[in-house]
Amino acid sequence: PSDQVLHEEFIAELRKASGESHLLRDSGRYPLTGQGDINTYAVFAETARTITGPMARLGIIVPTKIATDNTTRYFFRDLVQSQALASLFDFRYTSNFFKSIAIAQGNRFCLLTITNRPSSHMRLAFLCGSVAEAVDPDRQSSLSADEIALLNPNTETCPTFRTNRDAQITIGIYRRVPVLWRDDPEDNPWG
């Protein structure tokens with residue numbers, strides 16, 4: 001194409017990107033996921049949660065980053081604090097899952113279940129290679145909002161543990177030993 005056509009296509013794409021950014025960041029439609037490095041899976045999850053009925057449950061497959069990334073921390077924190085997180089089962093990619101889809105090695109996904117009826121008992125399992133591992137009681141843990149804030153006080157993102165025992169040992173340590181650095185309020189108990 002000519003330079004003029006290429007320039008016009010570039011200007012049109014800039015306008016489209018600016019409009020999408022405005023919708024996601026400034027419209028108020030995505031208060032929990034419309035910030036930072038916006039990913040469509042996070043916006044999708046927030047939309048799905050918003051349109052779910054008051055007595056319903058929502059189950060979706062999304063990247064595990066929905067619970068562990070800094071960008072999605074407000075969404076995850078809101079799920080935990082409002083007791084809307086029923087379960088999160090994290091899977092590492094193996095050839096057992098999604099055989100027809102190319103997933104980069106190391107990428108993880110989770111089965112995320114959200115409820116609009118408060119659920120004080122959330123079930124968590126991480127680094128599973130099969131459904132059997134995800135439903136194994138020794139692999140599952142149940143962290144409270146206070147325990148998540150204790151373990152990750154600066155972001156309140158979800159800590160990941162291979163077993164429930166690992167979670168309980170870590171919680172015990174954090175209850176006895178102060179965090180190295182707290183951002184808000186700024187606190188450095190170790191000097």
Side-chain angles (χ1 to χ4, degrees), residues 30 32-33 36-152 155-174:
Y30 305 99
L32 303 173
T33 60
D37 184 17
I38 300 173
N39 286 294
T40 54
Y41 74 86
V43 173
F44 171 78
E46 186 170 4
T47 299
R49 180 179 181 207
T50 302
I51 64 173
T52 302
M55 302 302 281
R57 280 184 174 235
L58 164 70
I60 55 176
I61 301 171
V62 290
T64 302
K65 294 188 242 181
I66 196 78
T68 60
D69 265 12
N70 194 45
T71 303
T72 55
R73 72 180 183 252
Y74 301 111
F75 178 74
F76 183 75
R77 181 186 310 160
D78 188 66
L79 288 178
V80 171
Q81 290 179 348
S82 66
Q83 296 182 323
L85 179 61
S87 65
L88 186 150
F89 298 113
D90 163 57
F91 293 88
R92 60 187 190 279
Y93 176 72
T94 68
S95 60
N96 299 331
F97 300 110
F98 307 117
K99 294 177 183 173
S100 63
I101 300 174
I103 298 177
Q105 195 65 18
N107 282 354
R108 292 166 37 197
F109 66 92
C110 69
L111 305 178
L112 179 68
T113 307
I114 299 170
T115 179
N116 284 332
R117 296 179 358 186
S119 172
S120 60
H121 178 75
M122 63 179 127
R123 296 183 314 154
L124 307 168
F126 294 95
L127 299 164
C128 301
S130 67
V131 173
E133 287 182 6
V135 298
D136 180 351
D138 292 334
R139 295 286 306 253
Q140 287 186 11
S141 57
S142 180
L143 302 176
S144 68
D146 291 340
E147 290 169 334
I148 289 173
L150 174 71
L151 296 170
N152 285 340
T155 62
E156 293 185 39
T157 54
C158 193
T160 62
F161 299 103
R162 190 170 294 275
T163 67
N164 183 43
R165 178 131 171 84
D166 295 344
Q168 296 312 311
I169 289 170
T170 306
I171 290 167
I173 292 169
Y174 274 70

Spell out, as yes or no, whether a donor-acceptor pair under 3.5 Å connects the side chain of N164 to the backbone of D138. no
Can you confirm whether P159 sits close enough to I148 that some side-chain heavy atom of one is under 4.5 Å from a side-chain heavy atom of the other? yes
Where do F161 and F126 come nearest, in terms of heavy atoms and distance? O-CB, 3.4 Å
Looking only at atom types and distance, does a side-chain atom of R139 sit under 3.5 Å from a main-chain N or O of R162, one as donor and one as acceptor? yes
Could you pull out the closest heavy-atom pair between T68 and C158, with the gap in Å? CG2-O, 3.5 Å
Mind checking the CD1-CG spacing from I66 to N39? Nearest 0.5 Å is all I need. 8.5 Å
Test T157 against R77 for side-chain contact (heavy atoms from CB on, under 4.5 Å), laying out the working first. CA-CA 7 Å; T157 54; R77 181 186 310 160; over 6 Å; no
Short side-chain to backbone donor-acceptor contact, E46 and L32, under 3.5 Å: yes
Least distance between heavy atoms, V43 atom then Y30 atom: CG1-CE2, 3.1 Å
I would like to know whether F44 and I60 meet side-chain contact (heavy atoms from CB on, under 4.5 Å); could you show each step before the answer? CA-CA 10 Å; F44 171 78; I60 55 176; 4.1 Å; yes
Could you measure the distance from the CD atom of E147 to the OH atom of Y174? Nearest 0.5 Å is fine. 13.5 Å
Roughly how far apart are T113 OG1 and L111 CG, rounded to 0.5 Å? 7.0 Å
Value for CG (N70) from OG1 (T155), rounded to nearest 0.5 Å, stands at 6.5 Å
When you compare the side chain of L143 with that of I171, does any pair of heavy atoms fall below 4.5 Å? yes
Whether S141 side chain and A125 backbone form a donor-acceptor pair below 3.5 Å: no
Answer yes or no: is there a donor N or O on one side and an acceptor on the other, between the side chain of T71 and the main chain of G36, under 3.5 Å? no
Could you pull out the closest heavy-atom pair between L85 and M122, with the gap in Å? O-CB, 3.1 Å
Is the closest side-chain heavy-atom distance between V62 and C110 below 4.5 Å? yes
How about N116 and T52: does a side-chain donor come under 3.5 Å of a side-chain acceptor? no
Does the separation of the ring centres of F91 and F109 fall below 6.0 angstrom? yes
Taking E133 first and then R92, would you say they form a salt bridge - that is, a charged N and a carboxylate O separated by under 4.0 Å? yes
Supply the atom-to-atom distance T115 OG1 to M55 CE, rounded to the nearest 0.5 angstrom. 8.5 Å
What's the shortest heavy-atom distance between I38 and T33, and which atoms? CG1-O, 3.8 Å
Heavy-atom donor-acceptor pair, T72 side chain to F75 backbone, under 3.5 Å: no
To the nearest 0.5 Å, how far apart are CD in E156 and CG in D78? 11.0 Å
